[in-house]
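A short write-up of the structure that comes next.
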Protein chains: 2
Amino acid sequence: MSKSKRLLELMMTVNRKRKFTVKELAQEFGVSTRTMLRDLQELSELGVPLYSEVGPHGGYQVLKERILPPIAFTEEEAVAMFFAVHALRHYSSLPFESESVSALEKFYLHMSGDVRDRIDQMKNRVDFVTPTRQRESPHLPILLEAAVRQKVLLIEYESKGEGACRHIQPIGIYANNGLWFCPAYCFLRRQFRVFRCDRIHSAAYDEGGTAPLDLRHVHLGNKESCFRTEEGPSIRLYAELSRQGVQMCEAALWLGSHLHIREDGSGWLEGPVPGSDLAFYARFFVGLGNEATVKEPPELIDSMKRLFAELMAKYE
Amino acid sequence: MSKSKRLLELMMTVNRKRKFTVKELAQEFGVSTRTMLRDLQELSELGVPLYSEVGPHGGYQVLKERILPPIAFTEEEAVAMFFAVHALRHYSSLPFESESVSALEKFYLHMSGDVRDRIDQMKNRVDFVTPTRQRESPHLPILLEAAVRQKVLLIEYESKGEGACRHIQPIGIYANNGLWFCPAYCFLRRQFRVFRCDRIHSAAYDEGGTAPLDLRHVHLGNKESCFRTEEGPSIRLYAELSRQGVQMCEAALWLGSHLHIREDGSGWLEGPVPGSDLAFYARFFVGLGNEATVKEPPELIDSMKRLFAELMAKYE
DNA sequence: ACGTTCATGACAAAGATTGTCACTATTATC
DNA sequence: GATAATAGTGACAATCTTTGTCATGAACGT
């Protein structure tokens with residue numbers, strides 16, 4: 001094998017094993033230890049952050065920086081990656097230690113000139129917007145780690161304006177619309193609940209010995225099944241929508257599959273909804289004003305009327 | 001310079017210049033053409049997709065794939081990049097030809113084992129959610145290109161349920177909450193307008209000769225200044241909010257800086273709003289129900305009362 | 001027909017690489 | 001304190017690679 005190829009393979013090998021001895025690698029590559037030492041030194045000069053310690057149990061180590069071996073990206077791919085990472089700048093809090101910024105700089109600097117030109121041209125013309133929120137979520141890393149390592153946390157949570165301590169076992173974290181959420185098992189309520197991370201005022205591993213549940217199979221992709229159990233009996237909903245009503249409902253994501261659209265742009269809402277949510281739906285349909293006409297269930301219409309009455313009274 | 005180093009530099013050089021001749025590079029690197037040929041062949045064997053053509057105006061070319069030279073990323077950076085790109089999967093339409101997916105695969109495959117393990121552990125525990133929309137936006141690439149190249153487009157736009165043709169000059173595109181928007185100058189209205197990309201049914205470069213404006217200085221970062229001109233006279237708004245009202249308003253981003261929060265969790269909305277938007281605000285406050293109490297302006301209260309009356313009539 | 005360009009082969013000189021050996025230094029462990 | 005494991009350095013000759021030069025061919029546009 002030529003030296004150049006050996007060096008490239010070596011680069012990947014040392015990144016795979018984090019720790020190794022000269023002898024070990026020398027045998028693996030079929031060269032003498034002297035040569036391997038020379039190769040390692042050359043790698044070091046090429047920018048791989050190697051660190052060595054002598055003595056028994058010593059050896060070589062790659063420091064936390066790791067070389068990403070040469071990857072063939074198409075221009076489109078590189079550009080897409082750039083903007084994906086660029087979008088992270090909208091988040092005031094991230095579960096990764098805000099190092100994504102430096103990653104982007106490195107990525108950008110290593111791009112060839114014309115890709116860089118292309119990115120520059122597009123920089124202010126494409127964006128993945130996420131609303132920037134004022135409140136920060138400082139505990140994302142520990143929440144994430146607890147989810148990965150199946151640990152119980154003791155958190156201080158602001159709920160309805162009051163603080164309270166709870167034991168929770170996170171199953172993950174996700175960002176939505178600029179806010180971070182943490183679905184978790186709540187040992188207080190004995191239920192799965194979603195917590196807003198910016199309302200978590202403190203978080204620490206529970207030392208009290210609350211036994212963690214085995215939630216390895218529960219993750220963001222299938223958490224819905226755990227939440228579904230709490231729903232009450234469902235009631236059939238039916239409402240007519242004007243064209244503008246359809247557009248307004250399109251923005252409301254939780255309606256999901258209940259929305260049906262006709263050829264002419266108008267549409268209707270139809271489907272089962274949990275009875276416990278009636279108050280919520282009442283408020284929603286009141287907000288739609290004339291663009292929606294609720295036909296069923298009658299309870300919902302009553303609920304809406306009550307709301308009108310209260311509001312009328314308030315503003316008279 | 002040693003051969004290994006030369007090869008690495010050569011890798012970057014051929015990526016910078018897309019097209020080059022052997023002689024040219026040989027001179028640049030101070031070696032004979034024979035050596036350069038041998039180097040290029042070796043590069044080819046190492047995976048750089050080189051392609052050559054003989055004859056005058058021939059020469060070497062790098063195919064669209066380009067090698068990203070080795071970059072030193074920290075583990076955190078690599079993970080952050082992964083999840084950033086991973087988040088793009090929520091978009092049913094992208095201005096890049098959906099190649100981001102393959103980029104992610106390559107990236108993932110080239111990671112060293114333990115980073116890959118770390119990603120695997122976190123894969124279902126972290127997410128940047130974007131609501132998936134049913135309607136696609138197939139014209140993103142041409143909108144983006146028109147923005148970059150300062151071209152006028154002729155589009156077919158669905159507005160209030162009806163289709164209509166318009167000449168527009170895009171200043172960029174952005175995704176928000178799963179939908180793509182295109183702020184652009186509209187030659188029909190002689191104003192800057194924001195278009196929803198999934199309502200653009202067709203888009204093509206204008207052949208009619210509408211002269212493009214010089215909008216090079218206008219981009220996503222400063223477009224607000226162009227839109228501001230159309231606002232009507234502004235009216236002072238003031239509304240009291242209960243604790244729950246505050247939380248509901250936090251979700252409404254366009255309120256922005258108008259929202260003020262008290263120690264106890266309740267709060268108030270205060271600030272100038274464009275008079276033309278009164279109908280919109282009326283509907284919004286009706287939707288907040290008892291959690292908000294509008295104090296000013298009286299026009300808004302009137303507007304809300306009218307809305308109540310209409311709705312009462314409808315459901316009686 | 002000519003010039004440009006890639007492509008390949010041969011070969012000897014120059015240069016880089018390699019293995020071996022001898023030696024030093026550090027440090028954990030017994 | 002001895003021992004073994006480990007990195008690190010220097011020297012040197014054998015060997016292998018790399019390099020430049022030259023010759024030759026093939027494709028292709030002008």
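Scope of the values below: all heavy atoms of this structure, side chains included, with no hydrogens, waters or symmetry mates. Residue numbers begin at 1 in each chain, while the letters A, B, ... track the order of the sequences.
- If you check distances only, the side chain of Arg34(B) does reach the base of dG9(C) with a donor-acceptor pair under 3.5 Å.
- Ring geometry for Tyr91(B) against Trp180(B) counts as tilted: the plane angle lies between 30° and 60°, on a 0 to 90° scale.
- Residue Thr21(A) is classed as a sugar-phosphate contact, given heavy-atom separations below 4.0 Å to backbone atoms only.
- Sorted by residue number, the members of residues 36-45 of chain B with any non-hydrogen atom under 4.0 Å from DNA chain D read Arg38(B).
- A side-chain donor-acceptor contact under 3.5 Å links Tyr205(A) and Glu145(A).
- Distances shorter than 4.0 Å separate some side-chain N or O of Thr35(B) from OP1 or OP2 on dG20(D).
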Taking only nitrogen or oxygen atoms into account, show me every contact under 3.5 Å that the protein makes with nucleotides 28-30 of chain D, one pair per line with its distance.
none

Worked check of side-chain contact (heavy atoms from CB on, under 4.5 Å) between Arg125(A) and Ile171(B): CA-CA 7 Å; Arg125(A) 309 260 174 222; Ile171(B) 62 179; 4.0 Å; yes

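- OP1 or OP2 of dG8(D) has at least one side-chain nitrogen or oxygen of Tyr60(A) nearer than 4.0 Å.
- Remark: Lys23(B) NZ is loosely packed, at most 12 non-hydrogen atoms of other residues, nucleotides or ligands lying under 6.0 Å away.
- For residues 35-59 of chain A, the set of pairs meeting the ring-ring contact (aromatic ring centres under 6.0 Å, His included) definition, not counting sequence neighbours, is empty.
- Dashed line: the shortest gap from a side-chain N or O of Ser52(A) to OP1 or OP2 of dG8(D) is under 4.0 Å.
- Here the CD1-CZ distance, from Ile142(A) to Arg149(A), works out to 9.5 Å after rounding to the nearest 0.5 Å.
- Looking at which nucleotide of DNA chain C each of Ser32(A) and Phe20(B) is closest to, the 5′-most match is held by Phe20(B).
- Aromatic ring pairs are classed by plane angle as parallel below 30°, tilted from 30° to 60° and perpendicular above 60°; the pair Tyr60(A) and Phe20(A) is parallel.
- The OG atom of Ser2(A) lies 8.5 Å from the CG atom of Leu7(A); values are rounded to the nearest 0.5 Å.
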